[in-house]
Amino acid sequence: MKLKSLILFAVIFTLFSFKSDKTKLNGTWKLISMELVRNGQSRIAIQDQANGGQLKTWSDKYFMFVGKSTNGPQTINNYGGGTYDLSGHVYTEEVLYHNVPNFLGRKVQQYLEIKGDTLYQVYLFSPLDKDGNYDKNNCNIEKYVRVD
């Protein structure tokens with residue numbers, strides 16, 4: 001009986017010692033596409049990685065991003081960061097610095113999902129419901145791949 005208890009304890013200890021979702025998020029990710037969905041109609045906003053791109057990095061408590069995009073002949077530098085909370089798929093950022101002053105101090109709720117080395121971050125125009133669902137007909141879907 002002692003051996004069975006010891007094996008059970010070892011199995012439970014092993015299960016609880018795996019990394020949490022927050023730890024899986026830690027690292028640097030490269031934005032590879034952004035899909036803009038409005039009234040159910042979709043279009044890809046980022047296609048040319050050679051002329052733009054963005055990296056986003058997470059630690060246990062903080063996030064930051066840096067990148068650039070092009071709009072015709074104009075290059076726009078983009079950067080910011082702050083703190084975040086992740087509970088299941090519900091991700092909330094508090095923006096502490098940003099190249100656009102209007103974003104400073106904002107708390108932004110999003111949907112976040114990691115599938116292998118691919119991360120999907122969904123920016124919402126309405127809050128998540130109590131089950132973590134969102135309006136799939138009106139959102140921005142950013143797709144990242146892990147680079148570290």
Quick one: do C139 and Y134 satisfy side chain to side chain contact (heavy atoms under 4.5 Å, CB included)? Show the steps, please. CA-CA 8 Å; C139 60; Y134 60 92; 4.1 Å; yes

Counting only heavy atoms from other residues, nucleotides and ligands, does the tally under 6.0 Å from NZ of K107 exceed 12?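 Not more than 12 within 6.0 Å, no.
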
So, does [X] use its side chain to make a donor-acceptor pair with the main chain of [Y] at under 3.5 Å?
X	Y	answer
N99	N77	yes
S87	V90	no
H98	F103	no

Under a 3.5 Å cutoff, is there a donor and acceptor pairing between the side chains of [X] and [Y]?
X	Y	value
Q54	N78	yes
E35	S42	yes
D60	N26	yes

Output, in order, the C-alpha distance, side-chain angles, deciding distance and verdict of side chain to side chain contact (heavy atoms under 4.5 Å, CB included) for L119 and W58. CA-CA 12 Å; L119 181 148; W58 283 271; 4.0 Å; yes

Smallest separation among heavy atoms of [X] and [Y], with atom names:
X	Y	value
I141	Y120	CG2-CD2, 4.4 Å
Q109	T92	CG-OG1, 4.1 Å
Q110	V122	CB-O, 3.2 Å
D148	G27	OD2-CA, 3.2 Å
F125	R38	CZ-NH2, 3.4 Å
N39	N138	N-OD1, 2.7 Å

Is there a side chain to side chain contact (heavy atoms under 4.5 Å, CB included) between I32 and K143 once you walk through the steps? CA-CA 6 Å; I32 59 170; K143 182 178 178 180; 3.9 Å; yes

Note, [X] side chain near [Y] side chain (heavy atom, < 4.5 Å):
X	Y	answer
L36	Y123	no
L55	T28	yes
T83	L96	yes

Are [X] and [Y] linked, directly or through other ILVMFWY residues, by side chains that come within less than 4.5 angstrom of each other?
X	Y	answer
L31	Y79	no
V95	V100	yes
M34	V66	no
L86	L128	no

Checking K61 against Y84 for the side chain to side chain contact (heavy atoms under 4.5 Å, CB included) test, could you report, in this order, the C-alpha distance in whole Å, the side-chain angles of both residues, the deciding distance, and whether it holds? CA-CA 6 Å; K61 186 175 172 182; Y84 75 93; 5.6 Å; no

Please determine whether a side-chain nitrogen of the Lys or Arg among K56 and E93 lies less than 4.0 Å from a carboxylate oxygen of the Asp or Glu.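 Between E93 and K56 there is a salt bridge, with a charged N closer than 4.0 Å to a carboxylate O.
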
Ring centers of Y91, Y111 separated by less than 6.0 Å: no

Working to the nearest 0.5 Å, report the span between CG of L104 and CZ of R106. 9.5 Å

